[in-house]
Every structure is written in C-alpha cells, then in structure tokens.
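What follows is a set of notes on a single structure, which appears directly below.
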Amino acid sequence: MDVRVRFAPSPTGQVHIGNIRTAIFNWLYARHCKGKFLLRIEDTDLERSTKEAIDTLLECMAWLGLDYDEEIFYQSSRRDTHVKAAETMISKGMAYKVPMADGSASPIAFRIPWEPKGLSAVRDAGDAVIEVHPDIPVKIRNAGVSFAQTSSKGKPMEREACLAGFRQMKLYDANGNLVFELEKEIESVFNGKEFVFEKCSSIKFLRREVFYKDMIKGELSKPLDGMKDLIIVRSDSSPVFHLANVCDDIEQKITHIVRGDDHVENTYRHIFLFHALDYPVPEYAHLPMIVNQAGKPYSKRDGDAFVGDFREKGYLADALFNALTLLGWSPGDDREKLSRQEMIELFTLERVKSAPAQFDLNKLFNMNGLYLGEMSQDKFVAYAAEALAKTDWAVTADKEYFRKVAVLMQSRTKLISHALAWKYFFSDDYEYDMKALTKCFNKPEYIKAVSALPDFLSEAGDFTEQFTEAAIRKAEATASVDQGKLNQPVRVASTGTSVGAGVYETLALLGREKSVARIRKALTLLAEGTKNA
RNA sequence: GUCCCUAUCGUCUAGAGGCCUAGGACACCAGGUUUUCAUCCUGGUAACCGGGGUUCGAAUCCCCGUGGGGAUGCCA
C-alpha cells in the first residue's frame, strides 16, 4: 500500500518552527517511503483563518523545499460533507443529538461505541471497582454515567464517562445491595431513559480499553471509563475538529498520521471515528514537542520562532531544515550535517525520540556556517549580493571587487546578514570602534610606528599582501615594536573594527590610496581623542 | 485532582544488559595557527533525576518517588 501522509495546519497566524518541524517529518517520511505528502489547510475557523496566514505558510514551505503532492485540500470546502457524515452516524445509532435543558439547538455527540463490531482496537482490561462518594447521586443516561469519587481529602470529585466504559456495570448502595445493572437497561438508556441513584457505594464493571501501537511511542492504551462521548457538530451546525479531521483523512486516503504528541489523547477518539465511518484506522506516529528557551512548547506567541524570521535573519533554508530534522531524530551515527538525499534515505519514524527537545540557536548558527562554507564561490557571491541588495554601497560596488571581498570573507561568515559588516571595504562612511582603537594604541611606540606606515605603504611596488606585510614590518622596526604587534592596531585603524580577515590581505584589497588615507584619518582621530581627554 | 507521555553533559544527541573509564556535535575554557577572530587545528571542563528491585553484570528491564509536558473543551 502506498504511504499517504498529510500536513494539516490551521492558518491562524505565523508558522512557527514546531509546526514546520511536523511538516518536515511528514515530508521526510513520505519521500523515504516514496509515498505522497499532502497539504491540507484546516481553515474551518473562519474567524481566525486568514489569506495572509495561508500565503506565509505556502511561502515558508516553498522556501524550505517542502513540495507537496496533489492539490491543496481546503477543509472549509467540505463542511457539508462533514455534517452529513454526522447525520449518517445518527441514523445508524452511532451518534445522537444532545437534548438541551433550555430547549436551545442541540449539538451532535458521537457515542463511544458500546459494541464496536469489527474493531480490533478495543480489548478487555479486567474487572474494576470504583468507590463512589455517597453524597453525589450516580446518574446513568444516554450521554453517559456521572458520579463522584472521593479525593484523598475526602471531598467528592465529580466524573463523567461514556456508557461504553461500563460494560457489565453493577451499582451497589451503601449497604452493599445491588441496585442497578446497566446491561439489562442499556436499550432504554439509549432511548432516553435516565436513572438516578442516591447514596451509592461502588460501581463494579468490566474495564475495557482502546489501544493502538504508535510508531514512535509504542503501544498506548486508554480505558474507556476515562473517555466521554464527544461533540462532533456544534449547536450552530459547524463540524468540530475531530469530525472534520477524520473525515478529511478518509477523503484524502491518509495511511499514516504523523503529528505532535499533544494529539495522543485525541487518537483514542479518532480510532472510533474512523471505525464508525467505515475506514481502516491509519498508522499513528506522535512526535515529541519542540520547546522554547523556557522549556515550554512553542506557541504562536513565541515571536522569535517564526519560520519567516529565520529567513529574514539570514539563515539558509537547508541549514534550518537540517537543524530541525535533528530535533528528536538522528541517523544513529555521528553524522549531523546531512544532505536532503541522505536525510530521505535515513529517515524512519522508529528512530524518532519520544522526549521533547529544545531548539538550540547556537547549533543552527554553526550549521548555517557549515552550509555557507561549502557553497561554491559563485553561489556565495550571488547570495551575499542578494543579502546586501538593500545597501547602496554593495549595489554600486564594482562586481569584480565585490567578488574578491566576498571570497575573502566566505570562510568566516556564518550568517549572511553579517555581511553587512563588510561595509568598510566599499565605503569610507563606516562606524569606528573607538574603544578598540584607543585600546590598540595604548602604547606611544605603536602610534609612532603606525605614523610611519603611510610612507612605507606609499613606496613603489605592487600593492600585494606581501607588500603590505613588509610595510607593516618596516613600520614596526622604526619604533622597535615586536613583529606582529602592529597587525591589530593597523586593522582597527584601516577598517574601524577589530574583527575581520587577515590584515595584509585586507589592506591589499582596500588598495594603496584608501589604506594610506584611512591610517592617517585614524591617527587624527586618536590625536583628537587624546586632546579631548 | 485523575489519566497518559517523558527523563544521558548547559543544549541537541549516540546508547536495544557486558563493546561505557558513557561516544559525537554545538556552546564554553586553554593552547597553536601571521599576537585580529565569528576562520582553521589540538586539547580540556561537563551527563546517565533520586530510591528500591531483577541480574554474575543495569544508562539500558521492573516498581516507587521527583521534575517536565500533554489530556481532561460545543479550541485546533
């Protein structure tokens, strides 16, 4: 059977990395299995779903290379089908309208099936007894059983559960007398009859549970007496998530559901829904959450986690993709930087971890540098030009000169937005790090030596890195400064910053005229600084 | 409250009872590289949440705590 998975976001804001990570894992799984990756927009919340949100989602997916198969499926277009499905369930006795005390419109509730014929996901889990609090009457009616347990402090804790949770239920009063047997009355309960019993002591029943094997978490189960019938159509006739989601998974013939593990509890309900709609229950894989710096799951409120922001900050799509893939998954060996092809080949859901992971910005930063470093020179130059397209100095720069600068800086660039710091190569109007400057020139002999440098730089000869290096050595000699001690002062003097490529190469690239002028300017700035101080 | 999931360096992780004196990566620190560093190389600090079992042997299996997360909606 061909694998068909889907990414089903609701477009109610920006896409954050937790969200897109789910998309990535779905995509990876589909590509690994040579199956289909489908996109479904769950836009039933008309109030909050916006066109803009859909556009940004699509943009982010395109940027990351998450290509989907088949047409985009819009959930809102299927409202009628969803409601019809619920009505069919009513006619088959699988769902019912919830009677409202005030006579207002009834929502439709799905009944956790009393007798799920042909469903192998339910099994007996042994006899069970619940001690009930005598002050709260036990009620048995179509919508379920309600009663109260006793808390550790002796207070009643009210509970409600579906009828199906209490097969072979026997209710006992305070004296231990049997007062009610559900099995005997179940038909009349379905038909609306209500039973209320005061002063009860215990409920005995056959516990049953619904279970499934999660591809990531292993076998999971939930006792039916812990479940309630669920509303699938609101009183305003709009379908609820559970219904819409399952109907559409059926419509799209989904075989594997890969989603965040906040949906584990929903799975038990969805299993019954799939069965009621006569469709084989898909395989499930529940991904651990990604948590933010505070250790909390990412939400729409985590402003720094929007996918689009990473793009704007200058991160490469491949680096983000790679870093996100490593959250909760690893290939099993020490490899971390993986090509798309390698990821596809190696990805399996069985290797996904089950514990939440914190996204590490440092690691992403480093990963980005790795990707930048392996780029071809041509690509890097073009990428840098694109990133600097908004600066006048880069746009007007000589192409060949720009290329030389970019190539010189490539190995030390970890984030393309940091290319903004290359300004000093192109313009004389750059910031001076005065603190660094004064610090570098804290010895008078440095000032003396550097004062001699313009003359040496002006001597005849090709202005190569060998030439600039020799000039600096000569300048050092004039004031008996140790070899190399002048590198950093010269760098700051000529570029305004203490960080950059090798100073000899930098001067050579800058050219004789600029190098000389800048060093003179720096000396002037220094002199003024001393006077003012 | 109840139910469920989860737990290895600061972070992401490897780990399927003996290969673990717990490996890698990022970050951090130190040294080296033209005394720049947000490059590169070398080295270092740093973890099995706690307590009980099971076993000849436990990071690994079981139980009980504790921390974290989720669910308990006519939200998705």
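A quick note: this is a predicted structure, and the numbers were derived from the prediction, not measured. In what follows, chains carry the letters A, B, and so on, assigned in the order in which the sequence lines appear, proteins first and then strands, with residues in each chain numbered from 1.
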Exercise. For the pair made of NE2 in A:His82 and P in B:C74, what is the distance, rounded to whole Å?
Worked result: 19 Å

Problem set entry | Worked check of side-chain contact (heavy atoms from CB on, under 4.5 Å) between A:Arg259 and A:Tyr284 | CA-CA 8 Å; A:Arg259 53 168 27 163; A:Tyr284 285 97; 3.5 Å; yes

Problem set entry | Most 5' of A:Pro107 and A:Glu465 on RNA chain B, judged by nearest nucleotide | A:Glu465

Exercise. Think A:Arg335 has a side-chain N or O under 4.0 angstrom from the OP1 or OP2 of B:A14?
Worked result: no

Seminar exercise, completed: Judged by nearest nucleotide, the residue sitting upstream toward the 5' end of RNA chain B, A:Leu415 or A:Arg159, is A:Arg159

Exercise. Does B:C74 have OP1 or OP2 sitting under 4.0 Å from an N or O in the side chain of A:Ser235?
Worked result: no

Exercise. Distance check: side-chain N/O of A:Asn366 vs OP1/OP2 of B:A27, anything under 4.0 Å?
Worked result: yes

Exercise. Got a donor-acceptor pair under 3.5 Å from the side chain of A:Asn266 to the base of B:A76?
Worked result: yes

Exercise. In whole angstrom, what separates A:His242's NE2 from B:C75's P?
Worked result: 9 Å

Exercise. How would you label the contact of A:Gly260 with the nucleic acid (heavy atoms, under 4.0 Å): base, sugar-phosphate, or nothing?
Worked result: nothing

Problem set entry | Side-chain donor/acceptor contact of A:Gln149 with base of B:G1 under 3.5 Å | no

Problem set entry | Short side-chain N/O contact from A:Arg40 to OP1 or OP2 of B:A76, under 4.0 Å | no

For this session: Whole angstrom is fine here: how far is it from CG in A:Asp225 over to P in B:C4?
Result: 11 Å

Exercise. Contact class for A:Ser498 (heavy atom, under 4.0 Å): base, sugar-phosphate, or nothing?
Worked result: base

Exercise. Distance between the C1' atoms of B:G69 and B:U60, in whole angstroms?
Worked result: 23 Å

Exercise. Ignoring hydrogens and angles, are the base of B:U36 and the side chain of A:Arg491 linked by a donor-acceptor pair under 3.5 Å?
Worked result: yes

Exercise. Is a donor-acceptor pair below 3.5 Å formed from side chain A:Lys363 to base B:U11, judging by atom type as modelled?
Worked result: no

Seminar exercise, completed: Separation of B:C4 atom C1' from A:His270 atom NE2, nearest Å, is 16 Å

Exercise. For B:U6, does either OP1 or OP2 sit under 4.0 Å from a side-chain N or O belonging to A:Ser354?
Worked result: yes

Problem set entry | Under-4.0 Å salt bridge between A:Arg335 and A:Glu342 | yes

For this session: With a 3.5 angstrom cut-off on both distances, give the Watson-Crick or G-U wobble partner of B:U2, or none if there isn't one.
Result: B:A71

Exercise. Paired with B:G18 by Watson-Crick or G-U wobble geometry, both distances under 3.5 Å: which nucleotide is it?
Worked result: B:C56

Exercise. Between A:Glu209 and A:Arg167, is the closest basic N to carboxylate O distance under 4.0 Å?
Worked result: no

For this session: Decide whether A:Gln75 and A:Asp248 meet the rule of one side-chain donor and one side-chain acceptor closer than 3.5 Å.
Result: yes

For this session: Determine: side-chain N/O of A:Arg351 to OP1/OP2 of B:G15, distance under 4.0 Å, yes or no.
Result: yes

For this session: Return no unless some side-chain N or O of A:Lys414 is found under 4.0 Å from OP1 or OP2 of B:C37.
Result: no

For this session: Looking only at side-chain atoms of A:Lys353, point me to the closest of B:C5, B:A76, B:U8.
Result: B:U8

Problem set entry | N/O (side chain, A:Arg234) to phosphate O (OP1/OP2, B:C75) under 4.0 Å | yes

Problem set entry | B:G18 versus B:G57 - spacing of their P atoms, nearest Å | 14 Å

For this session: Answer yes or no: is there an ion pair linking A:Lys337 with A:Glu374, defined by an N-O contact shorter than 4.0 Å?
Result: yes

Exercise. Can you tell me the Watson-Crick or wobble partner of B:A25, both distances under 3.5 angstrom?
Worked result: B:U11

Exercise. How close or far is atom C1' of B:U13 from atom CE of A:Met367, stated in whole angstroms?
Worked result: 12 Å

Seminar exercise, completed: Rounded to whole Å, CE of A:Met409 lies from P of B:C40 at a distance of 13 Å

Exercise. Between atom CG in A:Leu370 and atom P in B:A38, what is the gap in whole Å?
Worked result: 17 Å

Exercise. Across the strands shown, which category fits A:Val240 at heavy-atom distances under 4.0 angstrom: base, sugar-phosphate, nothing?
Worked result: sugar-phosphate

Problem set entry | Gap between atoms CG and P, on A:Asp236 and B:C75 respectively (whole Å) | 9 Å

